2 protein chains.
Amino acid sequence: MSGTTGFGIEHLPYGVFSVAGGLRRVGVRLADGVLDLAELTDRPEMAASSLNPLLALGPQVWRELREQVVALAESGAPTLPLADVVLHLPVEVADYVDFYASEHHATRVGEVFRPDAPALPRAWKHLPIGYHGRAGTVVVSGTPVVRPSGVRGPGDVGPSQRLDLEAELGYVVGVPSPQGTPVAAESFADHVFGVVGLNDWSARDLQAFETVPLGPFLGKSFATSVSAWVTPLAALDAAWCDLPSQDPRPADHLAPDGARGLDLTVEVEVAGQVVATAPHASTYWGPAQMLAHLTSNGASLRVGDLFASGTISGPGDDERGCLLELTWGGRDPWTGADGRERTWLEDGDEVVLRYTAPSTSGGTITLGEVRGEVLPAR
Amino acid sequence: MSGTTGFGIEHLPYGVFSVAGGLRRVGVRLADGVLDLAELTDRPEMAASSLNPLLALGPQVWRELREQVVALAESGAPTLPLADVVLHLPVEVADYVDFYASEHHATRVGEVFRPDAPALPRAWKHLPIGYHGRAGTVVVSGTPVVRPSGVRGPGDVGPSQRLDLEAELGYVVGVPSPQGTPVAAESFADHVFGVVGLNDWSARDLQAFETVPLGPFLGKSFATSVSAWVTPLAALDAAWCDLPSQDPRPADHLAPDGARGLDLTVEVEVAGQVVATAPHASTYWGPAQMLAHLTSNGASLRVGDLFASGTISGPGDDERGCLLELTWGGRDPWTGADGRERTWLEDGDEVVLRYTAPSTSGGTITLGEVRGEVLPAR
C-alpha cells in the first residue's frame, strides 16, 4: 500500500476484472491486490462488465465513491491478489478521437514526412488537430497485436515493414452532452472521469500511402492498447501544471488564458530496452482545450468516449515517444537490449509504456502500464 | 402495397418505431403502414430499441425472418398507420467509416480544393480511401441539424458559412469478425445486412482549415443523417451491376476481377428544389471492396458497424451529389425553388435525399428517405 508500488491509497484506479472465468465486475487496484467493489459496496454499477455505468453517474457520485473506496482501503478491506484476476478492457469505448497535441512530436513528424513543407501544418497552432480512430479495436494492455498487412504503395501489398508505437495519454469521458451544444473548457471535470495509458500502434508505410487527403485509416485502425486501470482525475490533483505559453492566442472557446495539462512522464520500453522517457508537461494543447474543440461544432459526448493526446514527446533526443521520431523515419538506428541495431518494431517485440505522476501525498503514482507483444502477420 | 409507393412486398425494409411514447420495437414498412414484428412474431430480438440484436443473428436467420415477413405481408397481417408511429435511429452505430468511392466526386473535389495538384490523390486508384467518422452523432432522418460553429481560419471563429450536404449510401454490418483476421470481399453478404440512405453533412470552411494532415474532423462530426428504414440486401438482388472497369488492377484482396455495386439513384432536394440526380452505378469502388479494405489490416467488425460510400456523383453536371461540386466551391450559383440564386445551405433549408433502385419484380423500390432541416447556429 506504500508509494513504492505507485498504487497506494492516494491512487486507487478503477478497472474491470474477473476471477476463474466468473462474471466481470469493477475493482480498484490497491498495491498488489484488487478491491472487489461488487462485493464490498451495494452499488449495482459495480457488478458490470465495463466501467460505463460508473462513468455515467457523474462527478458528485464519483467523489462519494472515492471516499467510500478510500475508507475501504484504510480499514484494511480484503483484496484479491492481482495474480489471481484477469483484467479486461475497462471501458466500452463509444467514440475514440486521437489528437496531435505535442509540438515536439508534430514538428518532427512534419520534418520526416513532409521535408519540403513547413513542419507544422497551417492550422496546428489555431486548434488542436485530431481525427477519429476505430473504437472497436481498442484493446486492453496485455493483448497481443498482429502485425497488419495492407497496400504499402502502388502494386506493393504485404505486411507492414514500418510498425511503430505511439506513447499517449487517453482521457475517459463519463458524462454525456447533447448534440448541438458545445462543452466549455471550464467544464472539463464535469465530463471527464480519468485517464488511461495508451499505445496508438501505427503502421507507418500503410499510413504514409493512404493518408492524403482523408488522414490515417488502416495505418492505425488495427489496434490501440489502453491500460487496464483508469486513474480518476481525483488522484491527479497534484499533477496539473501550466503548459508552455500559446502563441498565437487561441480562440476564446479554447481557453485562451493559458493551457493546463498533466505533469506525467511516460517511459517507453521496446524488447527490454528503454528507448525514451517523455514529459507530458511539454505538450502544447491541454486536455480541456481538446474537449472544448471536440465539441465546439455541437458534436455530442457519450458515456465511454475516449480522446487521446497524440504522441507524447519532449524537446530532448531521448524524449521522443515513437520510433518514427526516434529513428527519423527509419534512418537512424537505436541499440537494442541485445546489442543489435534496431529501427522499427519486430515480431516478438514486447512494448511496455510506464507512466508516473506526482501524487497528492508528495510522492509518485504509477498509472496502469500498457503492454503488448507484436505477433507475426497472418 | 403496390410498387407505386416503392414500399411493396418486394421491399420490406426494417426500422425501429414506437407508438405514443411506448417501448421501441422492430417494425417493417409495408406501403404506408408498419408491421409490428414484436407483436407479430415470437422472436425476442424484435422487442428491442435497435436493430442490433436482429443484425447479430446472421444471414441464415435474416433469410428465415424475411420469409416470415413476406408471409405476414401476403396474409394481410394488420399494419399500424405510418402517421401514428415515431421512427427512431434504426441501428446503434458501432464504428462509422466514410469512404470516398466516386471518381467523379473525388476528381471534382480535388480540382476545387487542390487546383495545383493532381485531382486524384496518389493512392486513390490503389485502394478505397476512407476515414472514421463520429458514430455518436449519427441521427435518424427528420432530426434537425444545428449549423456548426468553429475555427474557419486564423483568428476567424464563427458559424460555418459553407454548409453542405453529401448524398451517400450507407452499408450496415450485422455479423462481427475477430481482430487480426481480414474479411474477404467474397464474404460481403455474410457480414452486411443492408443499406441506408445517408447525408454526410459537411462544413466546408471548417473542413478546409483543419484537414491537413489528419483529415476531416469537426467539419463532419456534428451530424450524419441516415434513413429510418434499413433495406435488406435481399431486397436489392436486382440492383447489383458491374461498376466501371478498374485500372490499375487492384490488389488481390480487393477483388481484382471487377467491382460490383448497386444501381441506385439518389435525388437531392434542397428547399424544395431538386438540385441533382446521381447514379451510384458510376462509382469506382464497390462495397465488397470497401469491406475487404476496411478489414485488410486485421481491424475487427462489430454488430452495428456502418460504412458509407462517400458522395454519390456521376459524370453529368446534374449528377453532382454535394453543393461543393454543384457550385464549384461556391463560385457557381444555382437557382432555388423561390427563384433566388443560391450556393451553400441556408438556415431553414430542408434537405431531402430520395433513393430508388430496381426491384426483384421488375419495378422500382424506394429506400427510406433522408430528411433534415438546418437550424441556425447557437
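Values in this document were obtained by computation on a predicted structure and should not be read as measured data. Order of the sequence lines fixes the chain letters, A, B, ..., with proteins taken first and strands second; residue numbering starts at 1 for each chain.
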Compile the donor-acceptor pairs, distance criterion under 3.5 Å only, formed between chain A and chain B.
residue	atom	partner	partner atom	Å
A:D95	OD1	B:A135	N	3.0
A:D95	OD2	B:A135	N	3.3
A:D95	OD2	B:G136	N	2.7
A:H132	NE2	B:R134	NH1	3.1
A:R134	NE	B:S300	O	3.3
A:R134	NH1	B:H132	NE2	3.1
A:R134	NH2	B:S300	O	2.9
A:R134	NH2	B:D305	OD2	2.9
A:A135	N	B:D95	OD1	3.0
A:A135	N	B:D95	OD2	3.3
A:G136	N	B:D95	OD2	2.7
A:T137	O	B:Q179	NE2	3.3
A:Q179	NE2	B:T137	O	3.3
A:Q179	NE2	B:F222	O	2.8
A:G180	O	B:R378	NH1	3.3
A:T181	OG1	B:R378	NH1	3.3
A:L218	O	B:N297	ND2	2.7
A:S221	OG	B:N297	ND2	2.9
A:F222	O	B:Q179	NE2	2.8
A:N297	ND2	B:L218	O	2.7
A:N297	ND2	B:S221	OG	2.9
A:S300	O	B:R134	NE	3.3
A:S300	O	B:R134	NH2	2.9
A:D305	OD2	B:R134	NH2	2.9
A:R378	NH1	B:G180	O	3.3
A:R378	NH1	B:T181	OG1	3.3

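Chosen from A:P176, A:A94, A:G136, the residue pairing most often with chain B at heavy-atom distances under 4.5 Å is A:G136. Here A:L294 is the residue among A:L294, A:V157, A:V146 with the most heavy-atom pairs under 4.5 Å with chain B. By number of non-hydrogen pairs under 4.5 angstrom with chain A, the leading residue of B:A123, B:P148, B:G153 is B:A123. Heavy-atom pairs under 4.5 Å with chain A were tallied for B:G150, B:P250, B:G130, B:P144; the largest tally goes to B:G130. Of the residues considered (A:P248, A:P216, A:G298, A:A251), A:P216 shows the highest number of contacts with chain B, using heavy-atom pairs under 4.5 Å. Heavy-atom pairs under 4.5 Å with chain A were tallied for B:L206, B:V97, B:V109, B:L254; the largest tally goes to B:V97.
Of the atoms belonging to A:V93, it is backbone heavy atoms, and not side-chain ones, that fall under 4.5 Å from chain B. Only the side chain of A:V139 comes within contact range of chain B, with heavy atoms under 4.5 Å apart. Both the backbone and the side chain of A:V212 come within less than 4.5 Å of a heavy atom in chain B. Interface remark: A:A106 contributes no atoms to any contact with chain B (heavy atom separation under 4.5 Å). Neither the backbone nor the side chain of A:L375 comes within contact range of chain B, judged by heavy atoms closer than 4.5 Å. Neither the backbone nor the side chain of B:A377 comes within contact range of chain A, judged by heavy atoms closer than 4.5 Å. When heavy atoms are compared at a cutoff of 4.5 Å, B:P154 approaches chain A by way of both its backbone and its side chain.
By the ring pair (Phe, Tyr, Trp, His ring centres under 6.0 Å) test, A:F193 pairs with A:Y14, A:W62, sequence neighbours left out.
Residue pairs that meet the ring-ring contact (aromatic ring centres under 6.0 Å, His included) test with at least one member in residues 136-160 of chain A, sequence neighbours left out, do not exist here. Within the structure, ring-ring contact (aromatic ring centres under 6.0 Å, His included) contacts touching residues 137-163 of chain A (residues at least two apart or in different chains) do not occur.
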Walk me through it: do A:L214 and B:F99 pass the test side-chain contact (heavy atoms from CB on, under 4.5 Å)? CA-CA 9 Å; A:L214 301 186; B:F99 284 96; over 6 Å; no

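Taking 4.5 Å as the limit, some side-chain heavy atom of A:I129 sits within range of a side-chain heavy atom of B:P213.
Here the closest non-hydrogen pair linking A:V151 and B:L127 is CB-CD2, 3.7 Å.
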